[in-house]
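Working notes, beginning with the structure itself.
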Amino acid sequence: MKYLAYAKDKNSYYQIPLSGFIFDTNPVATEIAKITPKLQAAADILMSGLEPKWRELAQKANKEMRDLGLENIRAEVIKQVQAYLDAGGK
């Protein structure tokens, strides 16, 4: 009963700073479209455990995705998150 009372109490919870953040993909839609097939192909192989040389595969996929614009996506995420935090999480 104590646990249920605790779980129902709104004061038992706190909001993490990024809980309301929504990433706007429009500025980097082209880059996302380019890396998605590479990401999915690598993820399918890595998550299934089918590649004994998984580190090399991951490194190769990472390089290919960087060449296709991954760093632009990362920069945009950082820019938007910082703007969100600077605005007080709104």
Table please: side-chain donor-acceptor pairs of residues 46-55 below 3.5 Å, with sequence neighbours left out.
residue : atom : partner : partner atom : Å
Ser48   : OG   : Asp44   : O            : 3.1
Ser48   : OG   : Ile45   : O            : 2.9
Glu51   : OE2  : Lys53   : N            : 3.0

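- For Lys38, the salt bridge (Lys or Arg N to Asp or Glu O under 4.0 Å) test picks out Glu64, with sequence neighbours left out.
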Under 3.5 Å, sequence neighbours excluded: what are the donor-acceptor pairs made by side chains of residues 12-19?
residue : atom : partner : partner atom : Å
Ser12   : OG   : Tyr6    : O            : 2.7
Ser12   : OG   : Asp9    : O            : 3.2
Tyr13   : OH   : Ala7    : O            : 3.0
Gln15   : NE2  : Ser19   : OG           : 2.8
Ser19   : OG   : Ile16   : O            : 3.2

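- Atom CG of Asn62 sits about 9.5 Å away from atom CG of Asp67, to the nearest 0.5 Å.
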Please output the side-chain donor-acceptor pairs of residues 23-34 that fall under 3.5 Å, not counting sequence neighbours, one pair per line with the distance.
residue : atom : partner : partner atom : Å
Asp24   : OD1  : Asn26   : N            : 3.1
Asp24   : OD1  : Asn26   : ND2          : 3.2
Glu31   : OE2  : Asn72   : ND2          : 3.3

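- Here the CD1-CD distance, from Ile35 to Gln40, works out to 11.5 Å after rounding to the nearest 0.5 Å.
- Residues satisfying the salt bridge (Lys or Arg N to Asp or Glu O under 4.0 Å) test with Glu71, not counting sequence neighbours, are Arg66, Arg74.
- Every residue two or more places apart in sequence or in another chain that forms a ring-ring contact (aromatic ring centres under 6.0 Å, His included) with Phe21 is listed here: Tyr84.
- Within the model, atoms CG of Leu68 and NZ of Lys63 stand 9.5 Å from one another, a figure rounded to the nearest 0.5 Å.
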